[in-house]
Amino acid sequence: MSSEEIKVAGESAIELSFDSHYRGWAGQSASVTVEFDGSGEQTEILRYDSSSVEDNYDGSVLNANETIAVDVPAGAKKAVFRWNFQAEANSWYWAIDSVSVRQALPETAEEPTSAWVVSDIQGEPGDLAHAFSDVNEVRPDAAGLLMVGDIVATGSEAQWAEIDKVMNDAEGILPGTVAAAIGNHESYTGEPWEVLRDRFLSFAERDRVWDEYVLEGAGGEVPVLVLGQESQRPPEVPMSAEQIDWLKERLAHWTKQGKQVLVISHFPLGDTASASWIPWYHNHYEHNDQLTGILGDYPNAVMLNGHTHYPFELGDWATQRRTDGGHPDGFWAVNTGAIQVEWDARGEDTAGISEIVTRNINRGLTVDVYEDRLVIEGRDFGVAGAGGTNDVNSVVRSVTIPNPLAK
């Protein structure tokens, strides 16, 4: 498969981006090449084979987005990209979609506005405290802490007291703004919904489950829109017309300002980030399709979701979700990981899918926002306590999302 000729005159570097779903097999290979000005010389810029991809099933290349930086030779005017697939009969396949080419972002010397992101603590206050210590080492000047739901295990007063103690003990290092989203585990004690909701709201220091925060830092203002469940389930996320209209209005407002917008909500929307294609994660929102359609009009929107506990190593850790009739670039959705434990899926299709707990983890994100881009890192903090991997503080994955509104 080949692209049309793409004008590259005057560019020193470009980026090729496409959605990719690859299933490997012994002896099978796939590659992407680029050729400039009809020279006949094809330069390989990506390769999948048995040496780089695990045969049969490798989650890192399923439902993935590939973004590849390509240097443009001096004087080159046009480029052609080619996707090559070689396999014997009875092998697997490679699916490709949403191909785009854009100018490469230049190096930046600017300082960003940063945020810490955690979710799915669920009864692990020690791991949360350890995560705060680790993320403070790498982003000590962060403007915000975003807590994306399931902060407690069931919503009891005792569990909230444990979290309050962690927050108080870390007061000297915590960012100045804390924005919290409500999760399902905030309301599992069997007490009335209103009682459990109000415990969350007391922690969040506001009077409704949705709200707006503006982080202030060296990279300028970063708007954070918090969404959430307004009444007792089911569905998991019942939402009023007032909350949806508010989301529309605030997205439109910040778009006029040329800003990328962080939208935090505990549950993923269907067919976005990790595991959201599984039936029991697919329609948690009362207005799933409407919300997806709204966000699909805003390529500057980046949605951060927890709930699934799925690995950062998966290809759909960060996805670019496009909608029918929406902006061609859609919006981004990113899995926030978990402080508690990790889950993963087993099975070939939605009819026979199951889930397992794979291991104890302690993971979260950092977000660095610049005028023309934001950078999200999926980080491993290591498990706290005796026998834990306390010396781990590393980046597992990262994604750079250009600001399409930057001038």
Side-chain angles (χ1 to χ4, degrees), residues 115 117 119-120 144-151 155 177-188 192-215 221-257 259-273 276 281-308 321 323 326-327 330-334 336:
V117 184
S119 73
D120 299 277
L145 164 63
L146 313 184
M147 305 184 79
V148 191
D150 281 7
I151 300 165
T177 298
V178 177
I182 193 168
N184 51 303
H185 277 265
E186 271 69 78
S187 55
Y188 278 165
W193 154 254
E194 292 78 11
V195 171
L196 297 165
R197 176 203 61 200
D198 288 350
R199 283 181 192 152
F200 164 78
L201 292 176
S202 176
F203 172 80
E205 298 184 343
R206 59 179 193 264
D207 58 6
R208 63 184 186 182
V209 295
W210 78 90
D211 212 339
E212 176 179 275
Y213 297 81
V214 180
L215 308 184
E221 292 182 331
V222 179
V224 179
L225 307 182
V226 183
L227 306 181
Q229 168 191 0
E230 292 184 58
S231 58
Q232 179 66 300
R233 62 179 69 83
E236 288 286 356
V237 194
M239 297 172 69
S240 65
E242 182 185 2
Q243 184 177 175
I244 293 172
D245 288 344
W246 169 85
L247 173 64
K248 292 178 185 176
E249 189 275 324
R250 299 319 294 164
L251 285 170
H253 168 81
W254 289 109
T255 298
K256 289 179 182 177
Q257 313 304 312
K259 297 291 186 181
Q260 286 180 289
V261 182
L262 299 177
V263 181
I264 70 170
S265 186
H266 180 63
F267 295 93
L269 290 165
D271 295 326
T272 56
S276 59
Y281 294 129
H282 196 264
N283 286 304
H284 279 318
Y285 288 87
E286 180 181 12
H287 305 290
N288 182 88
D289 293 347
Q290 183 180 7
L291 290 167
T292 304
I294 291 167
L295 288 163
D297 289 334
Y298 292 97
N300 52 318
V302 180
M303 194 168 190
L304 306 179
N305 306 113
H307 187 60
T308 66
R321 176 67 157 89
T323 59
H327 192 281
F331 68 98
W332 280 85
V334 181
T336 58

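If you read the sequence from its start, that first residue is 1, and numbering goes on from there.
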Asker: Does E212 have any side-chain contact (heavy atoms from CB on, under 4.5 Å) partners at least two apart in sequence or in another chain, and if so, which?
Answerer: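 Partners of E212 by the side-chain contact (heavy atoms from CB on, under 4.5 Å) criterion, ordered by chain and then number, come out as V214, L225, W246, R250, W254.
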Asker: Search all heavy atoms of L215 against all heavy atoms of A115 and return the closest pair with its distance.
Answerer: CD1-CB, 3.9 Å
Asker: Say you draw a straight line from NE2 of H266 to OG of S119; how long is it, rounded to the nearest 0.5 Å?
Answerer: 7.0 Å
Asker: How long is the straight-line distance from CE of M239 back to CG of L247, given to the nearest 0.5 Å?
Answerer: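 So the CG of L247 and the CE of M239 are separated by 7.0 Å.
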Asker: In Å and rounded to the nearest 0.5 Å, what is the OG1 to CE distance from T272 to M303?
Answerer: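 T272 atom OG1 to M303 atom CE measures 7.0 Å (nearest 0.5 Å).
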Asker: Verify, without hydrogens or angle tests, whether H327 (side chain) and G296 (backbone) share a donor-acceptor contact under 3.5 angstrom.
Answerer: no
Asker: What I'd like to find out is whether the side chain of H282 reaches to under 4.5 Å of the side chain of S276, using heavy atoms alone.
Answerer: no
Asker: For the residue pair V222 and Q260, establish whether any side-chain heavy-atom pair is separated by less than 4.5 Å.
Answerer: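 Not in contact.
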Asker: How close do F331 and A301 get, counting heavy atoms only, and between which atoms?
Answerer: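 Looking at all heavy atoms of both residues, the closest pair is CB-O, 3.5 Å.
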Asker: Distance-only criterion, 3.5 Å: show the donor-acceptor pairs between side-chain atoms of residues 202-209 and protein atoms not counting sequence neighbours.
Answerer:
unit_1 : atom_1 : unit_2 : atom_2 : d
R206   : NE     : R208   : O      : 2.8
R206   : NH1    : A180   : O      : 3.0
R206   : NH1    : Y213   : OH     : 2.9
R206   : NH2    : A180   : O      : 2.7
R206   : NH2    : V209   : O      : 2.8
R208   : NE     : W210   : O      : 2.9

Asker: For G228, does its backbone N or O pair with a side-chain atom of S265 as donor and acceptor, under 3.5 Å?
Answerer: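 Checking the backbone N and O of G228 against the side chain of S265, no donor-acceptor pair under 3.5 Å is found.
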Asker: For H287, what residues pass the ring pair (Phe, Tyr, Trp, His ring centres under 6.0 Å) criterion, not counting sequence neighbours?
Answerer: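 In terms of ring pair (Phe, Tyr, Trp, His ring centres under 6.0 Å), with neighbours along the sequence ignored, H287 is linked to no residue.
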Asker: Strictly by salt bridge (Lys or Arg N to Asp or Glu O under 4.0 Å), give each pair with a member in residues 283-303 just once, sequence neighbours left out.
Answerer: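 Listed by first then second residue: nothing to list.
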Asker: Can you tell if the side chain of V117 reaches within under 4.5 Å of the side chain of V334, non-hydrogen atoms only?
Answerer: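 No, every pair of side-chain atoms sits at 4.5 Å or beyond.
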Asker: Taking E186 for its side chain and I151 for its backbone only, find out whether a donor-acceptor pair lies under 3.5 Å.
Answerer: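 Side chain of E186 to backbone of I151: a pair is present.
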Asker: Got a donor-acceptor contact below 3.5 angstrom from the N288 side chain to the L269 backbone?
Answerer: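 No, because the side chain of N288 does not come within donor-acceptor range (under 3.5 Å) of the backbone of L269.
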Asker: Rounded to the nearest 0.5 Å, how far apart are CG of L295 and CZ of R321?
Answerer: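 Atom-to-atom, L295:CG and R321:CZ are 10.0 Å apart.
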Asker: In Å and rounded to the nearest 0.5 Å, what is the CG to CG distance from L227 to D211?
Answerer: 11.0 Å
Asker: Mind checking what makes side-chain contact (heavy atoms from CB on, under 4.5 Å) contact with H185, not counting sequence neighbours?
Answerer: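 By the side-chain contact (heavy atoms from CB on, under 4.5 Å) rule, H185 matches Q122, D150, Y188.
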Asker: Do the rings of F267 and H307 sit parallel, tilted or perpendicular, given the 30° and 60° boundaries?
Answerer: tilted
Asker: Is the shortest side-chain heavy-atom distance between K248 and Q290 below 4.5 Å?
Answerer: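 Contact flag for K248/Q290 side chains = yes.
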Asker: Between atom OG1 of T255 and atom CG of N300, what is the distance when rounded to the nearest 0.5 Å?
Answerer: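 It is 4.0 Å, given to the nearest 0.5 Å.
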Asker: V226 versus L146: any side-chain heavy-atom pair under 4.5 Å?
Answerer: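 SC-SC contact between V226 and L146 ruled out.
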Asker: Testing the basics here: between Y285 and P268, what is the closest heavy-atom pair and its distance to 0.1 Å?
Answerer: CE1-O, 3.5 Å
Asker: Side chains of E249 and D245: does their closest heavy-atom pair fall under 4.5 Å?
Answerer: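 The answer is no, as the side chains (C-beta and beyond) never meet within the 4.5 Å cut-off.
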Asker: Can you pull out every salt bridge (Lys or Arg N to Asp or Glu O under 4.0 Å) where at least one residue sits in residues 225-237? Sequence neighbours excluded, please.
Answerer: R233-E236
